Amino acid sequence: MKETIERLLSELEGVRCKTLREVEDMRVHYLGKKGEITKLFDEFRTVAPEMKKEFGRKLNELKQLAAAKIDELRETVSVQEDTAAPKRDMTMPGDAFELGSRHPVSIVRQEIVDIFRKFGYDVAEGPEIEDDRHVFEALNFPPDHPARDMQDTFFVSVGHPNPLLLRTHTSSVQVRTMENARPPIRVVCPGRVFRNEAVSARAHCIFHQVEGLYIDRNVTFADLKQAILLFAREMFGPDTRIRMRPSYFPFTEPSSEVDVSCNICKGKGCNVCKGTGWLEILGCGMVDPNVLEASGIDSREYSGFAFGMGVERIAMLKWQVNDLRHYFENDMRFLHEFSTAVEV
Ligand code: PHE
């Protein structure tokens with residue numbers, strides 16, 4: 001027993017621990033229920049009575065020393081653990097956090113708006129929830145026009161003498177501009193529009209438009225044609241050609257739909273332009289005199305043109321993404337494709 005005490009004493013001298021876990025293991029090893037020192041106390045019962053005094057003292061000394069050593073180790077190890085954390089290399093580069101990027105529809109809308117701003121147009125915005133006057137009546141829609149039907153338009157309040165509805169085009173903002181400003185007027189109106197359509201690859205109940213309006217003295221169809229040609233060249237490249245096909249809108253007369261030469265096959269015919277060499281991009285026309293008068297502009301003094309295009313449609317042509325639904329589902333794999341399309 002004397003030897004064991006001696007051995008444990010010298011062993012305790014040399015014990016080193018790096019972690020609090022190790023200190024605890026050491027405590028269990030010596031002082032735990034089955035620990036080395038605890039076992040010696042059990043053995044002590046068998047010691048001859050005349051030796052008890054000496055061994056008793058030695059054993060108690062051993063126990064106290066072990067307890068003191070454990071306390072001391074616990075102290076130094078926890079200080080070391082505390083100071084270990086800041087010992088990281090503070091000059092290491094940090095974790096980069098993911099930057100968002102602009103949505104493809106926002107990129108194209110901004111591109112369209114920037115082109116017209118360069119031509120001297122202002123930007124006007126208006127409410128998405130509108131009344132009949134700004135979406136239809138002031139734009140020369142006859143009372144029985146099918147666009148006023150619930151099948152085509154989302155109504156917010158039904159059966160009301162002046163029902164609220166979700167605007168079906170941003171021409172409503174052009175009306176608001178004409179009501180509040182005197183010519184010369186040059187504005188583009190970007191915004192979300194809503195139509196009661198079944199969602200498919202080619203149609204959606206929500207989409208974005210940029211419409212434009214130019215009113216001044218002596219504005220002619222030639223000015224409209226030139227504005228559209230300049231826009232098309234800025235947007236699709238300097239070799240782009242345009243063609244105008246006669247069309248009909250209640251708010252313009254004459255009216256036209258505009259195609260641009262297909263920038264993929266350069267007019268030879270491919271599956272994007274369905275072999276025609278042309279892609280439809282917008283509707284336009286000379287503002288109907290009734291529309292000018294409805295907003296208090298003298299149609300004998302002033303004339304103007306208007307145009308409107310779908311942002312998703314232009315984005316589809318630009319990136320050849322032929323399913324409109326991709327633009328609304330916010331699938332990160334799709335959105336990431338555009339994260340380098342512009343600097344954020
Ligand atoms: N407002 C029309 C639409 O939503 C587009 C358009 C605007 C056509 C201006 C001609 C002139 O389809």
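Remember, predicted model here, so these are calculated numbers, not experimental data. Whatever order the structure lists ligands and atoms in, that order sets their numbers, starting from 1. The analysis underlying the following values was restricted to heavy atoms, covering all of them including side chains, and did not include hydrogens, waters or symmetry mates.
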- request: Kindly work out whether a path of hydrophobic side-chain contacts (I/L/V/M/F/W/Y, heavy atoms less than 4.5 Å apart) joins W278 to M316.
  value: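 In one cluster: no.
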- prompt: Purely on distance, is any nitrogen or oxygen of S171 under 3.5 Å from one on ligand 1?
  reply: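 So ligand 1 has an N or O lying under 3.5 Å from an N or O of S171.
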- request: Looking only at distances, please establish whether an N/O atom of ligand 1 is found under 3.5 Å from an N/O atom of H169.
  value: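 Yes - when backbone and side-chain N and O of H169 are compared with those of ligand 1, one distance drops under 3.5 Å.
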Quick one: which ligand 1 atoms are inside 4.0 Å of a heavy atom on [X]?
{"X": "Q209", "result": "3 (C), 4 (O)"}
{"X": "R195", "result": "3 (C), 4 (O), 12 (O)"}
{"X": "F251", "result": "1 (N), 2 (C), 6 (C), 7 (C), 8 (C), 9 (C), 10 (C), 11 (C)"}

field: H103-F338 aromatic ring centre distance below 6.0 Å
entry: no
message: Counting only heavy atoms closer than 4.0 Å, does ligand 1 sit against the backbone of F307, its side chain, both, or neither?
response: backbone
task: Report the part of E257 (side chain from C-beta onward, or backbone N, CA, C, O) that has a heavy atom under 4.0 Å from ligand 1; answer both or neither where that applies.
output: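 For E257, no heavy atom sits under 4.0 Å from ligand 1.
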message: Can you confirm whether more than 12 heavy atoms, excluding those of K18, are under 6.0 Å from its NZ atom?
response: no
Strictly under 4.0 Å, does any heavy atom of [X] approach an atom of ligand 1?
{"X": "F305", "value": "no"}
{"X": "M286", "value": "no"}
{"X": "M309", "value": "no"}

message: Any donor-acceptor pair under 3.5 Å linking the side-chain atoms of Q110 with those of D114?
response: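 Judged by distance alone, the side chains do pair up.
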- request: Report the C-alpha distance between H145 and F136 in whole Å, list the side-chain angles of each, state the deciding distance to 0.1 Å, and finish with yes or no for ring-ring contact (aromatic ring centres under 6.0 Å, His included).
  value: CA-CA 9 Å; H145 192 280; F136 299 126; 7.4 Å; no
- prompt: Looking only at heavy atoms, what is the nearest atom pair of C284 and F249, with distance?
  reply: N-CE1, 3.9 Å
- request: Look at the rings of Y121 and Y214 and say which category their plane angle falls in: under 30° parallel, 30 to 60° tilted, over 60° perpendicular.
  value: perpendicular
- prompt: Aromatic rings F231 and F116: how do their planes relate, parallel, tilted or perpendicular, breaks at 30° and 60°?
  reply: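 The arrangement is parallel - the two ring planes meet at less than 30°.
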query: Where is the nearest protein heavy atom to atom 5 (C) of ligand 1: which residue, which atom, and how far?
result: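 Looking only at protein heavy atoms, the one closest to atom 5 (C) of ligand 1 is E211 OE2, 3.5 Å.
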